[in-house]
Amino acid sequence: AEMLADYMNLHGKDPSGLTNNQYTQGIYNLTDYSAFSDPRKAPSVATLEDTKVHKENTQIGLKISYDINENNVINLTNNVGHRINEQRLSTSASTYASKTSSIGRDFFNNEANITNKGQIFGFNYNFTTGIMYGSLADQRCDVTSNSSTVPQSGYKACTPSTANLLGKVFASNLDEYIQGKISLSSNLDIHAGVRNTNVNYDIQSQISSARSGGSHFSKSTPMVGAVWKLNTVTNFYANYGKGFETPTTAEIIYSAGGS
């Protein structure tokens, strides 16, 4: 068995970006340097709006492998964690205007598979079949400010009366797959596989029920390929397959109507 744990906590100021030309902007008539006159400077709104970023990740994982016999192995993999992502950006170069976005995420993933290897009709083969399940729960908040009062950071501080986006996103995926390889000779391998994916989203807006809803996506994607080993240093590959991409949680919650 193998266990892996990691923790990251990053706090940083966001210097935003400088323009091509030096100019005097509206807040206190402060001078902003250009990227060419002094590239080490930050625009004054970055200081006035306290633009910054905070990223934190806590995660632990476990992998267990069990040899049933010399031809069959079972693998179990699990990880669980919590993630925080907060960022404040200035939305104007000449007046007080900022946006604070916060995400708190709990997640876990599980996978179980079995690998079999051996010979069939004198050809070496191996194949793996398994199942994966993952789930996440997001708490999201966006707050805008048009005054010198900088909004408080953190999704826990958001309220429906102060946020322009406040809600929860739940997502889960269930995948079944099988993939294998057979060696037709010492220098020719054929491999193929298929994966069936099911993804579910559930959006719960805490501002408007019109922005709540759910979505389901499902697709089976095959692939097939070959490897020709010309010599010890040169291989030729040929592959064909189909892909499947679902919307991200950000695309889901920011879409019209939340669906």
Does the side chain of Phe170 reach to within under 4.5 Å of the side chain of Gln204, using non-hydrogen atoms? yes

Contact between Leu136 and Asp106 at the side-chain level, heavy atoms closer than 4.5 Å - yes or no? no

Sequence neighbours excluded, which residues qualify as salt bridge (charged side-chain N to carboxylate O under 4.0 Å, His left out) partners of Lys168? none

At what distance, to the nearest 0.5 angstrom, does CG of Leu166 lie from SG of Cys141? 5.5 Å

Lys52 versus His11: any side-chain heavy-atom pair under 4.5 Å? no

Quiz question: by atom type and distance under 3.5 Å, do the side chains of Asn124 and Ser183 form a donor-acceptor pair? no

Polar contact flag, side-chain donor to acceptor under 3.5 angstrom, Asn72-Asn116: yes

If we only count heavy atoms from C-beta on, is the Ile84 to His82 side-chain gap below 4.5 Å? yes

Would you confirm whether Ser212, through its side chain, and Ser205, through its main-chain N or O, come within 3.5 Å as a donor-acceptor pair? yes

Take the angle between the ring planes of Tyr201 and Phe217 and call it parallel below 30°, perpendicular above 60°, tilted in between. perpendicular

For residues Thr128 and Thr115, is any side-chain donor paired with an opposing acceptor at under 3.5 Å? yes

Go through it in stages, so that I can follow the logic: the residues are Asn196 and Asn198, the test is side chain to side chain contact (heavy atoms under 4.5 Å, CB included), and I'd like the CA-CA distance, side-chain angles, deciding distance and then a yes or no. CA-CA 7 Å; Asn196 181 59; Asn198 291 274; 3.2 Å; yes

Quiz question: by atom type and distance under 3.5 Å, do the side chains of Asn69 and Asp67 form a donor-acceptor pair? no

Would a single hydrophobic cluster contain both Phe108 and Ile131, if residues Ile, Leu, Val, Met, Phe, Trp and Tyr are joined by side-chain heavy-atom contacts under 4.5 Å? yes

Please enumerate all residues that pass ring-ring contact (aromatic ring centres under 6.0 Å, His included) together with His216, with sequence neighbours excluded. none

Could you tell me the separation between the OH atom of Tyr133 and the OG atom of Ser172, rounded to the nearest 0.5 Å? 4.0 Å

Minimum side-chain heavy-atom gap Ile120-Ile182 below 4.5 Å: yes

Is there side-chain contact between Glu176 and Leu174, with at least one heavy-atom pair below 4.5 Å? yes

Is there a side chain to side chain donor-acceptor pair (under 3.5 Å) between Asn173 and Asp175? Walk through the geometry before answering. CA-CA 7 Å; Asn173 70 282; Asp175 292 32; 3.3 Å; yes

Can Ile64 be reached from Met132 by stepping across I, L, V, M, F, W or Y side chains whose heavy atoms are under 4.5 Å apart? no

Once you round to the nearest 0.5 Å, how far does NZ of Lys99 lie from OG1 of Thr51? 15.0 Å

Over all atoms of both residues, closest heavy-atom pair of Gly118 and Asn71: CA-ND2, 4.2 Å

Tyr125, Ile68: one ILVMFWY side-chain cluster at the under-4.5 Å cut-off? no

Side chains of Arg88 and Thr100 only: does a donor on one sit below 3.5 Å from an acceptor on the other? yes

Quick check: closest heavy atoms across Ile252 and Ser215, and the distance to 0.1 Å? CD1-OG, 4.5 Å

Would Asn85 and Gln87 count as having a side-chain donor-acceptor pair, cut-off 3.5 Å? no

Indicate, with yes or no, if Ile114 and Leu76 share a hydrophobic cluster defined by side-chain heavy-atom contacts under 4.5 Å among Ile, Leu, Val, Met, Phe, Trp and Tyr. yes

Check whether the side chains of Glu56 and Tyr7 place a donor and an acceptor atom closer than 3.5 Å, and report yes or no. yes

Any Phe121 side-chain heavy atom under 4.5 Å of Gln119 side chain: no

Within the 3.5 Å criterion, strictly below it, is a donor on His54 or Asn9 matched to an acceptor on the partner's side chain? yes

Run the side chain to side chain contact (heavy atoms under 4.5 Å, CB included) test on Thr197 and Val199 for me, step by step, so that the C-alpha distance in whole Å, both residues' side-chain angles and the decisive distance to 0.1 Å come before the verdict. CA-CA 7 Å; Thr197 301; Val199 180; 3.8 Å; yes

Examine the side chains of Tyr177 and Glu111 and answer whether a donor and an acceptor come within less than 3.5 Å of each other. yes

Find the distance between CG (Asp138) and CZ (Arg140) and round it off to the nearest 0.5 Å. 4.5 Å

List, one per line, each side-chain donor-acceptor pair under 3.5 Å for residues 222-232, sequence neighbours excluded.
residue, atom, partner, partner atom, Å
Lys229, NZ, Asp189, OD2, 3.1
Asn231, OD1, Val233, N, 2.9
Asn231, OD1, Thr234, N, 2.8
Asn231, OD1, Thr234, OG1, 3.3

Pair Arg83, Thr58: side-chain N/O donor-acceptor within cut-off below 3.5 Å: no

Does atom CZ (Phe244) have a neighbourhood of more than 12 heavy atoms from anything else shown, all under 6.0 Å? yes

If Ile, Leu, Val, Met, Phe, Trp and Tyr residues are connected whenever their side-chain heavy atoms lie under 4.5 Å apart, and connections chain through other members, are Val143 and Leu89 in the same group? no

Over all atoms of both residues, closest heavy-atom pair of Thr144 and Asn164: CG2-ND2, 3.5 Å

Between the main-chain N or O of Asn79 and the side-chain N or O of Asn109, is there a donor-acceptor pair closer than 3.5 Å? no

Are any of the side-chain heavy atoms of Val80 and Ile60 separated by less than 4.5 Å? yes

Any chance you could lay out the side chain to side chain contact (heavy atoms under 4.5 Å, CB included) test for Val194 and Ile178, step after step, and finish with the verdict? CA-CA 6 Å; Val194 63; Ile178 183 170; 3.6 Å; yes

